[in-house]
Protein chains: 2
Amino acid sequence: MKQLKFSHQLCFPIYALSRLITSHYQPLLGELDLTYPQYLVMLLLWEHQSMNVKTLGETLMLDSGTLTPLLKRLEAKKLIKRVRSKEDERVVNIQLTPQGVALEQQAAQIPLRLADSLGVTPAEVQELKDAVTPLLYRLKPALKC
Amino acid sequence: MKQLKFSHQLCFPIYALSRLITSHYQPLLGELDLTYPQYLVMLLLWEHQSMNVKTLGETLMLDSGTLTPLLKRLEAKKLIKRVRSKEDERVVNIQLTPQGVALEQQAAQIPLRLADSLGVTPAEVQELKDAVTPLLYRLKPALKC
DNA sequence: TAAAATTAAATTGTATACAATTTAAATCCA
DNA sequence: TGGATTTAAATTGTATACAATTTAATTTTA
């Protein structure tokens, strides 16, 4: 059945490439004792200082079922604090601790080291981003979240 | 720190798009009681009849820690059989049951229905595959597996 | 305004992923 | 040939993902 041939599948290369890139991050992030999703959260906090769980979830396209335990692990490592909002008790704000702020210095070289590990040129990176990003944000509204 | 800006990250769009596409597969695969990685295994078996765990792992870039429990679940659903090779007792061959063979008919419309769900044109699909696939197979040898 | 509906997190349960180790079988080679 | 090495799966343990439900707080609205 031609349409079910494995090599015809679009999705597999994206699924496999995602895991492959993550595996290249792993030794770099391991030096900081972070996983890749934890690193994404830290990137957002370094940029925005404080975000709540809902906003983190919208940006990363992850739900509270994934984020709550992940954030508890970052809290256990003393990189963040989880603070319930005074104005709206349903909301939990995530803030960096001094250790969380300080970790940014150690992370500074990761993007360059990752590109080196992958052996990709800036042009290739841009081409790939240009191919993937529009589809991602066109599809995103279709999600329930 | 400019290089750590979230919007500059290459990897996130690929990571998020992979999960987003999988979420579009989910309702279609749910009709067959399959997950996306289980569907990938079934695609390979429909094409090749029999594959061992190692070959499945090389093709899907998954290790036995992922595949062994996944294959046990497919076996519990009576879609496959796990048969230890007579020639080499270390090898486990995966074979389709009659139910596993029959499921291909029910899966026939999934690729078209997925493309419809994503709202992508064949040209867009091809462009994306062309951007992703070369990098995937260039990076693959760097993996230990 | 008080019950109904909505919202934000947390919780529960299932299924990947993957590192690291273990087990058992096959192969190497001194 | 027989111990050392290698190989294929399985196992163990940790960390995502995500559907579905629950809990608690806020907002809507009759």
Side-chain angles (χ1 to χ4, degrees), chain A residues 11-12 15-27 29-30 33-41 51-77 80 82-94 143-145, chain B residues 11-12 15-27 29-30 33-41 51-77 80 82-94 143-145:
Chain A
C11 203
F12 174 71
Y15 160 76
L17 183 60
S18 172
R19 289 186 290 116
L20 193 51
I21 295 177
T22 302
S23 77
H24 281 258
Y25 268 111
Q26 199 277 325
L29 295 178
D33 190 26
L34 291 177
T35 64
Y36 179 66
Q38 290 170 8
Y39 172 67
L40 292 177
V41 168
M51 289 179 83
N52 62 42
V53 175
K54 176 184 160 66
T55 312
L56 278 172
E58 285 170 352
T59 310
L60 299 175
M61 306 185 195
L62 292 171
D63 68 9
S64 68
T66 302
L67 282 175
T68 295
L70 185 157
L71 293 169
K72 284 181 177 176
R73 281 187 282 272
L74 286 178
E75 187 177 45
K77 289 190 258 205
I80 65 165
R82 296 158 67 247
V83 185
R84 228 164 243 285
S85 165
K86 285 278 165 49
E87 301 86 56
D88 186 338
E89 293 264 340
R90 293 171 303 182
V91 174
V92 169
N93 289 122
I94 309 300
L143 275 189
K144 64 173 186 188
C145 75
Chain B
C11 203
F12 174 72
Y15 160 75
L17 183 60
S18 172
R19 290 187 291 115
L20 193 52
I21 296 177
T22 302
S23 76
H24 282 257
Y25 267 111
Q26 199 276 324
L29 295 178
D33 188 28
L34 290 177
T35 65
Y36 179 66
Q38 289 169 9
Y39 171 67
L40 292 177
V41 168
M51 288 179 84
N52 63 42
V53 175
K54 176 184 161 65
T55 311
L56 279 171
E58 285 171 350
T59 310
L60 298 175
M61 305 184 197
L62 293 170
D63 69 9
S64 68
T66 301
L67 282 175
T68 296
L70 186 158
L71 293 169
K72 284 181 177 176
R73 283 187 280 273
L74 286 178
E75 187 177 44
K77 290 190 257 204
I80 65 164
R82 296 159 66 248
V83 185
R84 227 164 244 286
S85 165
K86 284 280 166 46
E87 301 86 55
D88 185 337
E89 292 265 339
R90 294 171 303 182
V91 173
V92 169
N93 289 122
I94 309 300
L143 277 188
K144 64 173 184 185
C145 74

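The basis for the numbers below is simple: all heavy atoms, side chains too, and nothing from hydrogens, waters or symmetry mates. So you know, we letter chains A, B, ... as the sequences are listed, proteins then strands, and number each from 1.
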Which pairs, protein N/O on one side and nucleotides 2-4 of chain D N/O on the other, fall under 3.5 Å?
none

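- For the pair A:S64 and C:dA8, the criterion of a side-chain N or O lying under 4.0 Å from OP1 or OP2 is not met.
- For B:N52 and C:dA25, the CG to P distance is 17 Å, given to the nearest whole Å.
- At the phosphate of D:dC18, OP1 or OP2 sits under 4.0 Å from a side-chain N or O atom of B:R19.
- Taking the C1' atoms of five terminal pairs at each end of the helix from C:dT1-D:dA30 to C:dA30-D:dT1, the two resulting helix axes are inclined by 10°, rounded to 10°.
- Closest approach to the B:K72 side chain among C:dA10, D:dT11, D:dA17 is made by D:dT11 (side chain taken as heavy atoms from C-beta onward).
- With sequence neighbours excluded, no residue satisfies side chain to side chain contact (heavy atoms under 4.5 Å, CB included) with A:Q26.
- By the side-chain hydrogen bond (donor to acceptor under 3.5 Å, both in side chains) test, B:R90 pairs with B:D88, sequence neighbours left out.
- Minimum atom distance to the side chain of B:T66 is reached by C:dC18, of the listed D:dT16, C:dC18, D:dA19.
- Each of A:K77 and B:L71 was matched to the nucleotide of DNA chain D holding its nearest heavy atom; the match closer to the 5' end belongs to B:L71.
- With rounding to whole Å, B:L70 atom CG is found 14 Å from D:dA10 atom C1'.
- Residues satisfying the side chain to side chain contact (heavy atoms under 4.5 Å, CB included) test with B:T68, not counting sequence neighbours, are B:S64, B:K72, B:R82.
- Ranked by how close their nearest DNA chain D nucleotide is to the 5' end, B:G65 and B:Y15 are led by B:G65.
- Looking at residues 85-94 of chain A, you'll see A:R90, A:V91, A:V92 sit with a heavy atom under 4.0 Å from some atom of DNA chain C.
- Side-chain proximity of A:T68 to the nucleotides C:dA17, C:dT11, D:dT16 is greatest for C:dT11.
- Taking for each of B:P69 and A:L67 the nucleotide of DNA chain C with the nearest heavy atom, the 5'-most of the two is the partner of A:L67.
- Residues satisfying the side-chain hydrogen bond (donor to acceptor under 3.5 Å, both in side chains) criterion with A:N93, sequence neighbours excluded, are absent altogether.
- The ring-ring contact (aromatic ring centres under 6.0 Å, His included) search around B:Y25 returns B:Y36, B:Y39, not counting sequence neighbours.
- Out of D:dA17, C:dA9, C:dT16, the shortest distance to the side chain of A:L62 is found at D:dA17.
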